[in-house]
Amino acid sequence: MPATDRSDSPDLAQVLGPEQAVTPAMLYGDILEHRPLFILDVRNEEDVARWPIEGHRIDTLNIPYYEFLEDEDTSVTRLPTNREMIVVCAKGGASDYVAEILRGRGMRAHNLEGGMIALGGYYDTREIVSEPYGRIVQVSRLARGDLSFVLISGGEALIVDPLRHIEHYLRVVEDAGARISLIFDTHAHADHISGGLALARETGAPYYLHPYDAIHPMDMLPARFGFESLADGQRHRLGQFEIEVVWFPGHTLGQVNFLATAPSGQSFLWSGDGVFLHSFGRPDLGGKGETWAPILYDSLFEVLPRRVPEEALLMPAHFGMFTEARPGGRFAAPLSEVRRLNEWLSPQPKEAFVEYMLHHLPVFPPQYVQIKRVNLGLVEPDETEATELELGKNICALESTQSTIL
């Protein structure tokens, strides 16, 4: 059945017909409003563990689709009879079938239209800053934990860490009556395919990358496209903003931060995978964790306090948990607040920091090696291959034990 729009009602039954589907936009709206949700996930256990649906008030039960085929009665009796539920699978087909079974049993079940593939491709756009001198817009793929930003000032636009589907940036900039003048990647990403080069080809704007990241760290092959080089201390002007490049190696050797200063004196930091709100970018995705971990420590504990004002609004390229969002779904906080909430930024000896980090690295996704090849123009996947490479949530961050919710 076709999906329908949602109102602000907390009760699905009030706005959805019994057979109507929930769209990714509707589900995200519910998560953002902290509405209590019950998710029946019919994917395999390992797929659910790799890519769960997260939020403040979500209960999830995993019953694989095949269990409904083998023993429908037992599977149905495991479900609560008094809760409305959203049924989820990879592409929306199996979950639609299970939702129909449950409705036949008198239960209130709605399919997630398009499944996790559609949810993973859903982009959310919301304003972070709106001032007379300029605007900052967050463009994100929430299910993947990917964040990017658009700075608009004086009729010009800068795109920072653009994601693969460039039409969202073109729309934001067009709606603002501006033109794209600069395209920055904080580093050569491993978890997702960058939209930087595609945007440059579409708009003619220069694409900037640090030259250290223009070589595949494992293949040792150079990028097969032209780009403008970023360098520490380099300065750019966009409208009324002055932007300084801050070299911040460790996650990659070419990781940089961008520190923008407004006419008011307020500063804004795009930290890429250097610093997250609750964690930081792991140092092993280039296959050189033991070498890069001490470098990352120096960036966090020497470069950050020396180069970045405490009042700077920090905007990372990723988040680990959706619960890191500030009110309104915005992933940004002053550096002073990040220091308070991010346990990794507490003063600690270098040796202990490096040892603990290297012994608590998450699993290394093998597809990340191929994504880096894509981002350097070494291979060109078709749409199906690109979607498969980007399946799942990013795991660029070192896991944090931080439990505080912003």
Are the charged groups of [X] and [Y] less than 4.0 angstrom apart, N to O?
X	Y	answer
Arg326	Glu337	yes
Glu390	Arg144	no
Lys350	Asp298	yes
Glu383	Arg164	yes

Taking [atom1] in [X] as the centre, count heavy atoms belonging to other residues, nucleotides or ligands within less than 6.0 Å. Is the count above 12?
X	atom1	answer
Glu167	CD	yes
Gln367	CD	yes
Tyr212	OH	no

*Evaluate side-chain hydrogen bond (donor to acceptor under 3.5 Å, both in side chains) for Asp161 paired with His189, printing each intermediate quantity in order.*
CA-CA 9 Å; Asp161 288 327; His189 298 273; 2.9 Å; yes

*Would you please name every residue forming a side-chain contact (heavy atoms from CB on, under 4.5 Å) with Thr81, sequence neighbours left out?*
none

*Under the side-chain contact (heavy atoms from CB on, under 4.5 Å) rule, collect the residues that match up with Glu310, sequence neighbours excluded.*
Leu335, Ser336, Arg339

Report yes if the distance between the aromatic ring centroids of [X] and [Y] is under 6.0 Å, otherwise no.
X	Y	value
Phe149	Phe268	no
Tyr133	Phe241	yes
His236	Phe258	no

*Only one of Leu112, Ile58, Asn111, Leu40 passes side-chain contact (heavy atoms from CB on, under 4.5 Å) with Ile86; say which it is.*
Leu112

Using side-chain heavy atoms (C-beta onward) and a distance below 4.5 Å, is [X] in contact with [Y]?
X	Y	answer
Val137	Thr125	yes
Ile53	Phe322	no
Leu197	Phe227	no
Phe353	Leu300	yes

*For the residue pair Tyr123 and His168, does the interplanar ring angle fall in the parallel (under 30°), tilted (30 to 60°) or perpendicular (over 60°) class?*
parallel

_Over 60° means perpendicular and under 30° means parallel, so tell me whether Tyr28 and Tyr122 are parallel, tilted or perpendicular._
tilted

_Test salt bridge (Lys or Arg N to Asp or Glu O under 4.0 Å) on Arg78 and Glu67; report intermediate values, then the result._
CA-CA 11 Å; Arg78 294 171 57 188; Glu67 293 190 18; 3.1 Å; yes

*Approximate separation, where rounding is to 0.5 Å, of Tyr368 OH and Asp284 CG*: 10.5 Å

*Find the distance between CD (Glu302) and OH (Tyr297) and round it off to the nearest 0.5 Å.*
7.5 Å

*Arg135, Gln138, Arg330 screened by side chain to side chain donor-acceptor pair (under 3.5 Å) with Glu127, the one that passes*: Arg135

_Minimum heavy-atom distance Pro222-Leu378, with the two atoms named_ = O-CD2, 3.4 Å

*Just do the side-chain hydrogen bond (donor to acceptor under 3.5 Å, both in side chains) check on Thr60 and Asp41 with the steps written out, would you?*
CA-CA 7 Å; Thr60 300; Asp41 202 317; over 6 Å; no

_Exercise: do Tyr207 and Asp185 side chains pair donor with acceptor under 3.5 Å_ = yes

*Pairs where residues 211-225 contributes a residue and the test salt bridge (Lys or Arg N to Asp or Glu O under 4.0 Å) is met, not counting sequence neighbours*: Asp219-Arg373

